[in-house]
Amino acid sequence: METIRELLQVFVRRFGLLNASCTDNCCGEEVSLVQSHILHEITRQTEPSMLQVAEALGVDITTFSRQIKTLVRKGLVTKTTDPEDRRIQLLSLTPEGQRVKKEIDLLMERYMEKIFSQMTEFEREMVLRSIKLLNEAILKSGSCCS
């Protein structure tokens with residue numbers, strides 16, 4: 001019998017591989033899985049700071065800073081100084097970054113549709129509700145070490 005942990009590890013591994021294969025060579029750009037998450041998170045927030053995005057993704061600021069430098073070098077992200085606090089760097093996508101993010105979104109949407117087409121409408125609803133419920137429970141429970 002599979003444990004909850006085993007089921008979740010298989011799910012996370014398969015979903016991670018899915019994301020990685022969909023973003024590796026998207027739209028003529030090499031975009032890593034972490035970088036695709038960064039592009040997505042930047043658009044989820046309005047001109048977020050580097051720290052806000054790093055915290056939302058659970059990435060330490062040093063690692064995050066290296067990723068941002070790469071995305072800036074690729075012409076996908078811009079950093080601007082916050083006019084109210086010059087210590088803070090705000091992030092936004094360039095037009096090319098927006099294009100790449102849209103392409104990744106389309107690829108992921110198509111793949112999600114392909115996965116969910118294997119289920120009935122009831123099963124899809126049940127899976128989506130279960131994922132939401134699991135996300136809420138994880139948020140409420142805190143870290144595994146506390």
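The model shown is predicted, which means the values in this text are computed figures rather than measured ones.
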Original post:
How long is the span from the CZ atom in R99 to the CD1 atom in I104, to the nearest 0.5 Å?
Top reply: 10.0 Å

Original post:
Which value, rounded to the nearest 0.5 Å, describes the distance between H40 atom NE2 and M108 atom CE?
Top reply: 10.0 Å

Original post:
Does the side chain to side chain contact (heavy atoms under 4.5 Å, CB included) test come out yes or no for F122 and E125, once each step is laid out?
Top reply: CA-CA 5 Å; F122 173 77; E125 279 295 317; 5.7 Å; no

Original post:
Does any non-hydrogen side-chain atom of I131 lie less than 4.5 Å from one of N135?
Top reply: yes

Subject >> Salt-bridge present (D105, K101; N to O < 4.0 Å) >> reply: yes

**OP:** With sequence neighbours excluded, tell me which residues meet side chain to side chain donor-acceptor pair (under 3.5 Å) with S92.
**Re:** T78

Original post:
So, the side chain of S117 versus the backbone of K114: is there a donor-acceptor pair under 3.5 Å, distance only?
Top reply: yes

Subject >> Side-chain heavy-atom pair T94, Q98 within 4.5 angstrom cut-off >> reply: no

Original post:
Roughly how far apart are Q52 CD and T46 OG1, rounded to 0.5 Å?
Top reply: 10.0 Å

Subject >> Separation between CD of E121 and CE of M126, rounded to the nearest 0.5 Å >> reply: 12.0 Å

Original post:
Which distance, rounded to the nearest 0.5 Å, do you find between the CD of E55 and the CZ of F64?
Top reply: 10.5 Å

Original post:
If we ignore angles and hydrogens, is there a donor and acceptor under 3.5 Å between the side chains of Q89 and T81?
Top reply: yes

Original post:
Step by step, would you call I42 with V53 a side chain to side chain contact (heavy atoms under 4.5 Å, CB included)?
Top reply: CA-CA 7 Å; I42 289 171; V53 177; 4.2 Å; yes

**OP:** Flag the pair L106 / R110 as yes when at least one side-chain heavy-atom distance between them is below 4.5 Å, and no otherwise.
**Re:** yes

**OP:** Decide yes or no for K74 and Q35: does some side-chain heavy atom of the first lie under 4.5 Å from some side-chain heavy atom of the second?
**Re:** yes

Original post:
Is a salt bridge present between E41 and R44, judged by a nitrogen-to-oxygen distance below 4.0 Å?
Top reply: yes

Subject >> Qualifying residue, where the test is side chain to side chain contact (heavy atoms under 4.5 Å, CB included) with M50 and the options are I68, I88, L90 >> reply: I68

Original post:
Hey, is CD1 on I4 packed in by over 12 heavy atoms from elsewhere, all under 6.0 Å?
Top reply: no

Original post:
Can you tell me how far CD of Q9 sits from CZ of R5, rounded to the nearest 0.5 angstrom?
Top reply: 4.5 Å

Original post:
Taking C-beta and beyond as the side chain, do L39 and V77 meet within less than 4.5 Å on heavy atoms?
Top reply: yes

